[in-house]
Number of protein chains: 2
Amino acid sequence: MHLDPRRLAALRAVADAGGVLAAAKVLHLTPSAVSQHLARLEAETGVTLLDRSRADGRRAVGLTPAGRLLAEHAGRVAVVLAEAERDLAELTGQVTGRVVVAAFPTAMEHLVGPAAAAVHAGSPHVRVSVREFDPEPALAALRAGGVDLVITETYPDARPPGLGGTWLLDDGFRVVTPPDWGSGVEGALTRPWVSGSPGSAARVALDRLAARYDVVLRREHECLEFPAALALVSAGLAAAVVPGLAVPAELPAGVRVLEASALGARRIGVLHRAGRHEPNPAARQVLDAITARAARVTAGSGQRAR
Amino acid sequence: MHLDPRRLAALRAVADAGGVLAAAKVLHLTPSAVSQHLARLEAETGVTLLDRSRADGRRAVGLTPAGRLLAEHAGRVAVVLAEAERDLAELTGQVTGRVVVAAFPTAMEHLVGPAAAAVHAGSPHVRVSVREFDPEPALAALRAGGVDLVITETYPDARPPGLGGTWLLDDGFRVVTPPDWGSGVEGALTRPWVSGSPGSAARVALDRLAARYDVVLRREHECLEFPAALALVSAGLAAAVVPGLAVPAELPAGVRVLEASALGARRIGVLHRAGRHEPNPAARQVLDAITARAARVTAGSGQRAR
DNA sequence: ACTTATTACGCCGGTCGTAACTATG
DNA sequence: CATAGTTACGACCGGCGTAATAAGT
């Protein structure tokens, strides 16, 4: 008769939390799953572990002496496991592994690139591979395992099942125009515009702009990437809506940046598979580095905005 | 990053046994499974655990320092688990559970009945239910979980997949005749016989008898159970082939028992589901009691045969 | 060629969640 | 009727084995 550590953990949770429902909360499971673990543990050991007689006014189940004994041992197992984990982490920052990150160009420049450099400095055995991806294939690749982290410019409120993630920053949109196109955004409304790639957050923002002023814009150009759009602006050909991160720290000649808070922002976040064993340490390091980098970027852009 | 105890066990086995193949043998797994456990453990921890450079003439893989560290902790986990098991067994012979045993009448009388009594004496919380079953439905019920142990009179050489079992005893066949039917088996060949139930080992033995003497027997009667067959013999109506265990210790009047070693024996054994957690302790107790009982029966019949 | 280990792939069983049910205050 | 727990059932995932592959002696 082999004791299954996972079932023991369930028993311990019940002992600690004082009930099946409470244990389920702790373990991030449903009461059903916990109940089944306990039932099987009793069947496998051939010992009654739970006291189901709720005679003395208790609301939740109690443990029999044998149950308490096993729960105690379960605690020991958990301790040993935690020690192993700690010792391993202590022995070596030698975290190994390749982490594949899907990102769009602006994120590569401001987030992934610097984060990868930071990780590489601290953990030389972690290799970061960056791949440019369209949003939909990126999620598919994430689930399939070909990609470990996805930087998205449309971070969802409710995360997809099986995935976890972190919000990183809101990247506010700006209107950029040639400098001599009249005052403010209004002065550019009748001029040519650069549209973003279909489905992109920038394209949606441009739509919002048109709706806000109730005009139909002349979208004479379409650029997939922001540097190209800026180049058109710089050449005096068009105005464009671009996110703040796409605007270089030192403005190119012939480009004027206008605040347009009503345009909103793209919500940048990072997604990863969620599971008992994921994200793994290498991915976790990269993720943390990206998060840290996002915080710095937020601070920096805050200064620039004022 | 949560360490999975099962993977740790695999790592420990590799460390102890000195190689993936050796570990697989110890764990009753294929090398493939072990290799996959190790690969995943490395991915999940982000640490290289195996030294795959076989540069210095080693045949099998070695462990990195981190691997040895983890293997050591894995050993401690195993120790704690074993302690828990021991303590639990010590705290209580309070093994609980209903064990359903499928058997045929002779086995019920000589094996299951006494074994159940013995178990009940030592472990009052174990309830043994005995059910008579035809062989084929018994196996189906065993797999379905409706039955925990099956006593079979045709114990297979190669056990069915998913099942385990133990050989119990060989129950040699006898020829029983009325006392005044001439000398030996030959004297009965031209007389009427009782045939066993179709498919039963006794029927097969009777066929063997006919083939041995190259005669066609007059099978005028058919009895499903041996007491009925013996009653016919006792009444002077027929001869019969019955297993030794079906012959009462004190012979009924009008029954003569003849040795007929060439008839062979039925191989009696017990089958159960095999798995990480099966048979469970209650079933194991019953199984052990049955095995012990079989040994006593063998000894007893040995005396009686002489 | 033989041994050791890893990878590809399909199957099976285990585990989980949803939902219905029981029991108890 | 509200709360605690169990049971039935279906879906999904993880682990295992078979077989093919790699690499080294």
Side-chain angles (χ1 to χ4, degrees), chain A residues 2 4-11 13-14 17-44 48-63 67 143-146 160-163 273-278, chain B residues 2 4-11 13-15 17-44 48-63 67 143-145 160-163 273-278:
Chain A
H2 273 218
D4 185 331
R6 289 184 38 80
R7 304 214 204 284
L8 289 182
L11 180 64
V14 170
V20 174
L21 275 70
K25 273 219 152 326
V26 172
L27 297 171
H28 302 288
L29 290 175
T30 55
S32 168
V34 175
S35 179
Q36 292 178 59
H37 268 301
L38 296 173
R40 300 182 95 112
L41 186 57
E42 286 188 322
E44 287 159 10
T48 306
L49 302 170
L50 266 61
D51 176 8
R52 276 135 176 132
S53 80
R54 278 172 267 180
D56 52 351
R58 289 193 322 291
R59 315 267 310 157
V61 293
L63 269 64
R143 292 184 193 281
L163 300 183
R273 288 182 300 281
R276 266 204 300 288
H277 303 295
E278 278 172 329
Chain B
H2 273 216
D4 185 332
R6 288 181 45 76
R7 304 214 203 287
L8 289 183
L11 179 65
V14 170
V20 174
L21 275 70
K25 274 220 152 326
V26 172
L27 298 170
H28 301 289
L29 290 175
T30 56
S32 167
V34 175
S35 178
Q36 291 178 60
H37 268 299
L38 297 172
R40 301 180 93 113
L41 187 56
E42 285 188 324
E44 286 158 11
T48 304
L49 302 170
L50 267 60
D51 175 9
R52 283 149 173 112
S53 80
R54 277 173 270 178
D56 52 352
R58 288 193 323 293
R59 314 268 312 158
V61 293
L63 269 64
R143 291 183 194 280
L163 300 183
R273 290 181 299 281
R276 265 205 303 287
H277 303 297
E278 280 175 325

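Protein chains get the first letters and strands the later ones, always in sequence-line order, with residue 1 at the start of each. A quick note: this is a predicted structure, and the numbers were derived from the prediction, not measured.
Taking only side-chain nitrogens and oxygens, A/R7 never comes nearer than 4.0 Å to OP1 or OP2 of C/dG14. Taking only side-chain nitrogens and oxygens, B/R273 never comes nearer than 4.0 Å to OP1 or OP2 of C/dG13. In this model, the phosphate group of C/dA23 is not approached by any side-chain N or O of A/R52 to a distance below 4.0 Å at OP1 or OP2. Remark: B/R40 is not in phosphate contact with D/dG14, judged by side-chain N or O atoms under 4.0 Å from OP1 or OP2.
Taking atom CD on A/E44 and atom C1' on C/dG14, their separation rounds to 11 Å, with Å as the unit. As rounded to whole Å, 15 Å separates atom C1' of C/dC16 from atom CG of A/D4. Atom pair B/R6:CZ and C/dG14:P shows a separation of 11 Å (rounding to whole Å applied). The nearest whole Å value for the distance from the CG atom in A/D51 to the P atom in C/dT24 is 13 Å. In this structure, NE2 of A/H37 is placed 6 Å from C1' of C/dT15, rounded to the nearest angstrom. Distance CG (B/L41) to C1' (D/dG14): 15 Å, rounded to an integer number of Å. Atom CG of B/L63 is separated from atom C1' of C/dA5 by 14 Å (rounded to the nearest Å). The separation between B/L50 atom CG and D/dA23 atom C1' is 16 Å, rounded to whole Å.
Note that the CZ atom of B/R6 and the CG atom of A/D4 stand 7.5 Å from one another [nearest 0.5 Å]. Between the NE2 atom of A/H277 and the CG atom of B/L41 there is a distance of 9.0 Å, given to the nearest 0.5 Å. B/L63 contributes atom CG, which lies 8.5 Å from atom CG of B/D51 (distance to the nearest 0.5 angstrom). Expressed to the nearest 0.5 Å, how far CD of A/Q36 lies from OG1 of A/T30 amounts to 7.5 Å. To the nearest 0.5 Å, atoms NE2 (B/H37) and CG (B/L27) are separated by 8.5 Å.
The base of C/dG17 sits with one of its N or O atoms less than 3.5 Å from a complementary donor or acceptor on the side chain of A/Q36. The base of D/dT18 sits within donor-acceptor range of the side chain of B/S32, with an N or O pair under 3.5 Å.
Comparing A/L29 and B/L21 by the nucleotide of DNA chain C whose heavy atom lies nearest to each, the residue mapping closer to the 5' end is B/L21.
Contacts of B/G275 with the nucleic acid, taken as non-hydrogen atoms under 4.0 Å apart, are absent. Within the 4.0 angstrom heavy-atom criterion, no nucleotide atom of any strand lies near A/R276.
Side-chain atoms of A/T30 lie closest to C/dG17 of the nucleotides D/dC16, C/dG17, C/dT15.
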